[in-house]
Every structure is written in structure tokens, then in C-alpha cells.
Amino acid sequence: MSGDHAHAEDQIECGSRVNDSYKHKDKYKEKDHKHKKEKEREKSKHGNSDHKDSDKKHRDKEKERVKHKDGSADKYKDKHKEKRKDEKMKSLDGKVKKEKENGFASPPHMKSEPEDDFYHSPRQEKTLKRERDNDDDFDFKPKKIKTENDKKPKKRKPDEDVKPNKKTKTKKVADGKKRIKNEPEEKWKWWEEERYTDGVKWRFLEHKGPVFAPPYEPLPSHVKFYYDGKVMKLSPEAEEVATFFAKMLDHEYTTKDIFRKNFFKDWRKEMTSEEKAKLTDLKKCNFGEMAEYFKAQSEARKSKTKEEKLKIKEENERILQQYGFCIMDNHRERIANFRIEPPGLFRGRGDHPKMGMLKRRIRPQDIIINCSKDSKYPEPPPGTKWKEVRHDNKVTWLVSWTENIQGSIKYIMLNPSSRIKGEKDWQKYETARRLKKCVDRIRNQYREDWKSKEMRIRQRAVALYFIDKLALRAGNEKEEGETADTVGCCSVRVEHIKLYPENEGQEFVVEFDFLGKDSIRYYNKVPVEKRVFKNLQLFMENKEPDDDLFDRLNTSILNKHLQELMDGLTAKVFRTYNASITLQQQLKELTNGDDNIPAKILSYNRANRAVAILCNHQRAPPKTFEKSMQNLQTKIDAKRDQLSDAKRELKSSKADAKVRRDEKSKKTVETKKKAVQRIEEQLMKLEVQATDREENKQIALGTSKLNYLDPRISVAWCKKFGIPVEKIYNKTQREKFAWAIDMAEKDFEF
DNA sequence: TTCGGCACTTAGAACCCGGAGG
DNA sequence: CCTCCGGGTTCTAAGTGCCGAA
């Protein structure tokens, strides 16, 4: 079996995948021969399972053995079951759409160009540059097994290093000042330096702390709240919470029972005792004037004059410069989310039992600051104190607090363009590339394990097969009643799959239908190997619909096993590996060197799309989709008319030239010819755009591009086909993937 | 062996803003 | 010039996975 794994096609083939409504049009031109390939792969997988008769008897016996062996083991997962049944009885609501509201001042537009080079590394000697990755000897080793690279990359500066460094730097600033603006070399190439080992994340860290949400501004007195038709003045505390609800009035959320119930309960906690006594029924509350007021406010914001807008922008820029950066190990790095989440109503996704609860305002005394001892600590706002200031350089966060809905910890961390995030990202892809080297072995192994006489091993092997073939997530257990009921591979329940010995001409079809992360539906019908099918039947025997399919398995067992198969291997590595390898393969198949740039980019997007489908990255079709599609079609029609006009003109000018035979008319013919060509090109571009958009209706490419596709594959593709990398990655993405853009050559192989 | 805590990645939707086109 | 649209950006929820204590 070759390393390739054409899952994307499994799903494309299987048709109605994306929330039922996604109909693939036959736009994947490679469809047919792909299908063959896939079949071949399946065949070769079957390999030694030719002896069908004996196989069956054998299996039946085996089944007995398996059951006996396992029968006495207790099902540790059962305790969840009862609760779930209860929950089901209680909540009969339909699916919940996620909604969102943000009544707070708009965040600044962030710039990430370094403003000065003071923190740039002075050490950029090319001689120390790390060897390119395309040679197989280079391994980005996880820290545990890290060995010194014979290339001797730069040492990360120890503390003593700091002073001499600064001198060099200052000098550099002086002579480099003018060139800085458009000198990419001035950007710090952290990927040419040595990484920390032993879990140390930084030596020096200084920052200004978080930006708090603006304090609550009470409503002007003319904006009234009514209860049971009568005006009622609310206390500031109760009023603030009321405004959170008022701002969401347009959303479906506010019609949901759970949301309303949770909101009202938490709202009442903020009321004075008089208010509490009076306000007993949410239905009698009229937030209309508040809602009007906020709408007017946002209108007013939009229609502000240029100067006012500029002023706001400048202020935002100032805050960004002050709070949006930190100094980590002598480099000025962008912080991702330096603003504390404002208070509001919790918007869980899907059928979240806690939707509508009050998300508390975070105060300085809730905040833990992390920075280095020898840094200038951030100041809490006047008259307040931090909860704690600590100096833990084994973690990457700068600020943390505990959120009140789930009791989980929230963090302020660095931007994806930072060294600390970039290194990790790079490492992730290197792990996936190591998997590539041993994936055949692992696949053979789990196929063997389908025959194991131990139930837990069979379950593990079948689950792993799904994770590999279908790119399912691991599926950790979740606390009942705390979150929406969603599952991943290990937590899939019997009710989530259906088995068809035969379906639409295919044998051994499994139908998956469950809600995954973010309550996004995963629907897929896949033919599986007979052994897998039989195993699934076995796992489902004597179980209730809401029993776990893999009752002898959880993510920690699975990951422990994976760890033994390859250092650093976990379930999610398969997703990364399969996504990246699929992109590489699809690019190879779809790109036509003779195409023009837009056509090549369409190919790229299609390859990207195959991955997004594999990973089930969906989006709600944009509300304006139909309209914008129509607009585009109108444009195309107009362009067509224009083209036929131009063609007609060309013809007549040709005729004209034939008669006149002078230079001038010849020239006219040439011009007309060019015009036709230009219009044809424009038309083609529009048509490509239309195709691309149609195919993308409910598929989100961004997530895979940002998180699953080794950027070096894309960069190499750009280099190979002469596509400017800007056509593939926007500015933010180029910043995040700077390492890949710098190091990948056109022959990079994932 | 399980559990909860913690740190960090991955995710879709809301929001914003600038540029194309009228 | 204004409006509309789409891409880019921000937001924060929801996952994964590891660790240490009971």
C-alpha cells in the first residue's frame, strides 16, 4: 500500500455529505480515475482475505472467544449513560444555531509590521542557517528525543548575553534605519536559531498586562425599560445585564427556552431585592427601547466623520502599540488577544445547556500575570491589585483568569507569527511527516488487530482505522450536562452509526451521523472492509442506542497505544498528516502547468477543498450567497455580450482591412484582436470565480489552510508554478507562515 | 485507573473596513 | 461620491492531550 490515502474522494464520492444539502456537482474532473484508485487501494487492503468460506466460520468462533474473554470486564463508561437519558427527556429542543453579539467598542485594526528593529536579533549570519528541510536527515525532533543538530544552529541567548547584544543591536539600528521598511531580512528568523529544550519556553518576558473591557455606561434616562407595560428604573447592575439581553434581541438565541431560563436566573442574581420581587416573568419584560437605542448607537458610529473615525483609529493604534506587544527573549512579539473578554451572555454552540448564562466581568483581582522576575511588571489599574504575579517560564501565557461559566482558564498568548507559536506549528508538521514514514506499518498493524482475540484491541484498531481513513477527531469524554452533546471517534455511540450490508450497489456500508466539535454535523456513508463491518456488528451487539460503540476504549488508551507505535504520535497527528498529504497529492493531480494563473489557483482551491471536505470543515452558507451568485452571473452575461460585440467588431475590421489594405486598418485589426483576447481572459476569470464560489458554498477553506496544511507544500507549489505566494496567503497568513515561505524550495516534499 | 486541572490548538461566526462598481 | 460586498480580522467556544494526585 502506498502512502497515499485518497479519503477526500471517499467523501466526494459518497455524495450527500455536508448537512445533507451539499450536493457535489461533477466539478471534480478527476473523479472517475480517482475512484478507480481508491478501489484499487481497497482491494490491496483486502489482500489476503480471499478464503471467504473458511473465513466466516473462523470468525464466528472467534466472536465467541472474544465475547467470553471480555464478558466480565465492567463497562466503565456506563455511568454517563443514565444522565444522558435524563438530559434527553428534559431537552427536546431542536438544534441551536450559534449567534453572537458584540456591543462593545470595535477592536482596532491591527498592524503587525515591526515598528522598529530594536528587538531584532543581531545574529543573522547566513552561515548558521539551518539546513533546509527537504533532506530527510533533518528532523525537527520533539524535545524529548532532541539531539544536537550537527549544523550547530544559533544558541538562544542566555541571560548574560543580553548586554553585549544590546550594543550590537544599537549599532545595527544606526546603520540599518533607512533600509528597514522593505527589508525582509530585518525580520527575525527564529527558525534559524536553536530551540529550547526541557520545556523552558522563554528566559525573559515583559508585557503591560491586559486591556480591560470598558466600564459599564448607564443608559441615558430617556431610554426606558418596561415591565408589564409600566416603566421601571433598574439599578445599574440589573440594567447592565438587561442590556446584554437587549443587544441580542434580534437573535434566535433569545427565543430559546434554555437561553431565556439561564439568562433570567442569572439576571435575577444581579437585581436588588425590590427588583427581584417585582420582576418575576421574563415574558413581561420589554427591552425594546434599549434595543432601539443600541441600534441607533451603532448607526451613529458608522456615520461619524472622517476625522472622528481617524481619531478612533489612532487611539486604537496607540493601545495596540502599548498593550499589543511583549518582549520575549529580546524580541518584540505581537500578542494575540490582549483584550479581556467583555461581560455578556454566554453563547454556547449547539444545544448548550448553559447558553444565556451571565459571563461575569473580569476584574484585576481575577487576573494572574506571568512574566519574568527581572522584568518590569505590568501595573494593575489604580486602586486595584492583581490576583497574583508569577514567573513560570515553562508556559507560554502572559495573563490568565478563570472564567465563570465552565470554570475553565482563559489565557492571553502570543500571535501565530511569534516564535513560540511558529516553532510549535513547525514541530507539528514535522511530527506528521514522521508519521508519513511509518504509516504503512501502522496501517498493517491495525489491520492485523481487527482479528485480535481481545475486544479492546479490536475496538482500538477499528477506531484508529476511522481516525485514519475519515480524519475523525479523537473524541474525549465530556462531562454530562456541562456542554452540548457532541462526540468524536472514541465517544461515538451506537445511535450514531447505521450498518448496511449492502447499499446502493456497495457492500458493507457504514453511515455516520453525529454532531462533532462545535455541534457541526458529520454525515457520511462509507464502504468499509468486511472485517471492520463484522467488528462493528460485534461491538453493537446487545447495546442500547446510547451506549458507547467503543466501550473498551477512550482517547487516553488510544494515545498510549499510538505513543508506542511512534514517538509523539497522537490521534490528531493523523488529521494533520492526512490533510497535508491529501493537499500534496491533489495539487499534483489537479495542477496543469499550461493553465494561466487563475486556473491554477482554482486547482489550488480545489485541492484545499478536498481537504476541507475530508476534515468536515463547514460553514453556514453566507446569507447573501444566492444574491451574490446572481450578481456574478449577471457580470458573466454582460461579459459574454461584450465578447460577442468585440468579436463582431474584429470581424468587420478584418473585412475592412481586406478591402483597404492599409497600415491603419491592419493596426485596427490587431487592436481588436487584443481586445477580444482580453475580454476572453476576463470572462474566463469570472467563470472560474463563479465555479470556485459555487463549490465553496458551505465549505470553509480557512481552517484547514491555517491549521492542517503544511505551509511548505503550498509555498513549494507556488514556487514550482510561478504563482506569487500572495495569491495563496494573505498578509496575516504570510506572517504566520514566514518560516515556511523562507525555507521551502520548489522541490519540497511533505 | 481515574479524575480534574491545566495548557495549548482548532473552530465557526460576528464584525469591520476598504475597494470595486454604480 | 455612495453603497455593497467580500475578504480579512477578531472573538471566544470547544476541542486535544498531558500530568499529577488520589
Side-chain angles (χ1 to χ4, degrees), chain A residues 76 79 97-112 199 201 251 298 301-303 309 313 316 336-342 344 346-350 352 354-355 359 370 392 394-397 400 402-403 405-411 413-416 420-421 424-425 428 473-479 482-484 486-491 515-520 554-560 562-563 568-573 575-576 615-620 622-625 627-628 631-632 635 689 693 698 700-704 706-708 729-733:
Chain A
Y76 61 89
K79 60 177 171 321
K97 272 243 178 65
K98 187 233 167 180
E99 284 152 27
K100 198 179 156 181
E101 158 273 335
N102 187 351
F104 292 84
S106 57
H109 181 75
M110 297 192 178
K111 294 241 170 66
S112 37
K201 304 291 168 60
H251 288 284
S298 83
R301 220 173 301 135
K302 271 182 219 154
S303 54
K309 280 183 179 168
K313 211 173 162 184
N316 280 334
N337 55 328
F338 56 92
R339 287 167 197 275
I340 300 261
E341 296 173 18
F346 177 73
R347 310 149 103 86
R349 300 168 183 196
H352 198 115
K354 299 197 171 183
M355 65 166 84
K359 226 175 85 162
N370 194 31
D392 182 357
K394 297 279 205 293
V395 297
T396 68
W397 54 267
S400 77
T402 301
E403 154 265 2
I405 303 288
Q406 327 259 7
S408 65
I409 306 170
K410 301 260 190 169
Y411 303 94
M413 291 183 188
L414 296 194
N415 197 64
I420 217 160
K421 294 291 181 187
K424 201 80 185 297
D425 206 37
K428 172 182 78 188
R473 294 188 186 82
N476 282 317
E477 291 120 296
K478 318 164 65 189
E479 223 176 313
E482 294 293 301
T483 59
T486 61
V487 299
C489 187
C490 295
S491 51
L515 298 182
K517 181 177 180 180
D518 295 321
S519 292
I520 296 289
N554 61 33
T555 53
S556 120
I557 294 171
L558 179 64
N559 281 333
K560 217 168 271 165
L562 293 176
Q563 190 57 236
L569 187 60
T570 62
K572 86 187 190 81
V573 178
R575 245 166 107 82
T576 311
C615 294
N616 201 38
H617 291 142
Q618 299 187 27
R619 60 165 186 177
K623 271 169 241 129
T624 54
F625 186 83
K627 209 173 90 195
S628 84
N631 288 347
L632 197 56
K635 266 194 213 166
Q689 202 187 340
R693 196 182 295 175
Q698 31 188 327
L701 300 187
T703 305
S704 49
L706 236 43
N707 300 301
Y708 288 104
Y729 290 136
N730 67 32
K731 184 162 164 279
T732 315
Q733 293 164 337

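All chains are named by letter (A, B, ...) in the order of the sequence lines, taking the proteins before the strands, and each is independently numbered beginning at 1. Values below: every heavy atom of this structure, side chains too, minus hydrogens, waters and symmetry copies.
Taking side-chain N and O atoms only, A/Gln406 has a distance below 4.0 Å to OP1 or OP2 of C/dA14. An OP1 or OP2 oxygen of C/dC2 is reached within less than 4.0 angstrom by no side-chain nitrogen or oxygen of A/Lys302. Side-chain nitrogen and oxygen atoms of A/His251 include none within less than 4.0 Å of the OP1 or OP2 phosphate oxygen of B/dA13. Residue A/Thr486 places none of its side-chain N or O atoms closer than 4.0 Å to OP1 or OP2 of C/dA14. Using a 4.0 Å cut-off, some side-chain N or O of A/His617 falls inside it from OP1 or OP2 of B/dA11. For A/Lys731, no side-chain nitrogen or oxygen approaches OP1 or OP2 of C/dT9 to under 4.0 Å. Residue A/Thr570 has a polar side-chain atom (N or O) positioned under 4.0 Å from OP1 or OP2 of C/dG17. Contact annotation: A/Lys478 reaches the phosphate of C/dG15 (side-chain N/O to OP1 or OP2, under 4.0 Å). Close to C/dA13, at under 4.0 Å from its OP1 or OP2, lies no side-chain N or O of A/Lys354. For A/Thr703, a side-chain nitrogen or oxygen approaches OP1 or OP2 of B/dG12 to under 4.0 Å. Contact between the side-chain N/O atoms of A/Asn476 and the OP1/OP2 oxygens of C/dG15 is not found at any separation under 4.0 Å.
In this model, no donor atom of one side chain and acceptor atom of the other lie less than 3.5 Å apart for A/Thr570 and A/Asn559. For the residue pair A/Thr483 / A/Lys354, no side-chain donor-acceptor distance below 3.5 Å is found, with atom types taken as modelled.
Taking atom CD1 on A/Ile409 and atom C1' on B/dG5, their separation rounds to 7 Å, with Å as the unit. A straight line from NZ of A/Lys428 to P of C/dT16 spans 15 Å, rounded to a whole angstrom. Taking atom CZ of residue A/Arg301 and atom P of nucleotide B/dC15, one finds them 11 Å apart after rounding to whole Å. Going from atom NZ of A/Lys394 over to atom P of B/dG5 covers 23 Å, rounded to whole Å. A/Asp518 places its CG atom 6 Å from the P atom of C/dG15, with the value rounded to the nearest Å. Rounded to an integer number of Å, the gap from NZ of A/Lys359 to P of C/dA13 is 4 Å. The interatomic distance linking A/Asn707 (CG) with B/dT10 (C1') rounds to 5 Å, in whole Å. Here the P atom of nucleotide C/dG8 and the CG atom of A/Asn730 are 5 Å apart, to the nearest Å.
Among the protein residues, A/Gly475 comes within range of the sugar-phosphate backbone only, with heavy atoms under 4.0 Å from sugar or phosphate atoms but none that close to a base. Contact annotation for A/Lys572: backbone-only contact, meaning every heavy-atom pair under 4.0 Å involves sugar-phosphate atoms and none involves a base. Residue A/Ser408 is classed as having no contact, given no heavy-atom separation below 4.0 Å to the nucleic acid. A/Ala484 comes within 4.0 angstrom of nothing in the nucleic acid, heavy atoms only. Nucleic acid contact for A/Thr396: sugar-phosphate only, since backbone atoms but no base atoms lie under 4.0 Å from a heavy atom of the residue. A/Gly702 comes within contact range of no nucleotide atom at all, as no heavy-atom separation falls under 4.0 Å.
Residues that satisfy the side-chain hydrogen bond (donor to acceptor under 3.5 Å, both in side chains) test with A/Gln733, not counting sequence neighbours, are absent from this structure. Under the side-chain hydrogen bond (donor to acceptor under 3.5 Å, both in side chains) criterion, A/Asp392 pairs with no residue, sequence neighbours left out.
Here B/dA7 is the nucleotide among B/dA7, C/dT12, C/dG17 with the atom lying nearest to any side-chain atom of A/Tyr411. If you check C/dA13, B/dA7, B/dG18 against the side chain of A/Glu341, the one that comes closest is C/dA13. Across C/dC18, B/dC8, B/dT10, the shortest atom-to-atom separation from the side chain of A/Lys201 is found for B/dC8. Nearest nucleotide to the side chain of A/Met413, out of C/dC11, B/dG12, B/dC8: B/dC8. For A/Trp397, whose side chain is taken as the heavy atoms from C-beta onward, the closest listed nucleotide among C/dG17, B/dT10, B/dA7 is B/dA7. Among the nucleotides C/dT12, B/dA7, B/dA11, the one closest to any side-chain atom of A/Arg575 is B/dA11.
Comparing A/Asp392 and A/Arg473, the nucleotide of DNA chain B nearest to each residue sits closer to the 5' end for A/Asp392. Mapping A/Ile420 and A/Ala700 onto DNA chain B by nearest heavy atom places A/Ile420 closer to the 5' end of the strand. Between A/Asn337 and A/Gln733, it is A/Gln733 whose nearest contact on DNA chain C lies nearer the 5' terminus.
Taking 4.0 Å as the cut-off between side-chain N and carboxylate O, A/Glu403 and A/Lys359 do not count as a salt-bridged pair.
Between A/His352 and A/Phe346, the two ring planes are perpendicular [angle over 60°; tilted spans 30° to 60°].
Checked by distance alone, A/Lys424 brings no side-chain donor or acceptor within 3.5 Å of a matching partner on the base of B/dT9.
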Could you please spell out the steps behind the side chain to side chain contact (heavy atoms under 4.5 Å, CB included) verdict for A/Arg575 and A/Arg473? CA-CA 8 Å; A/Arg575 245 166 107 82; A/Arg473 294 188 186 82; 3.2 Å; yes

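At most 12 heavy atoms of other shown residues, nucleotides or ligands fall within 6.0 angstrom of atom NZ in A/Lys560.
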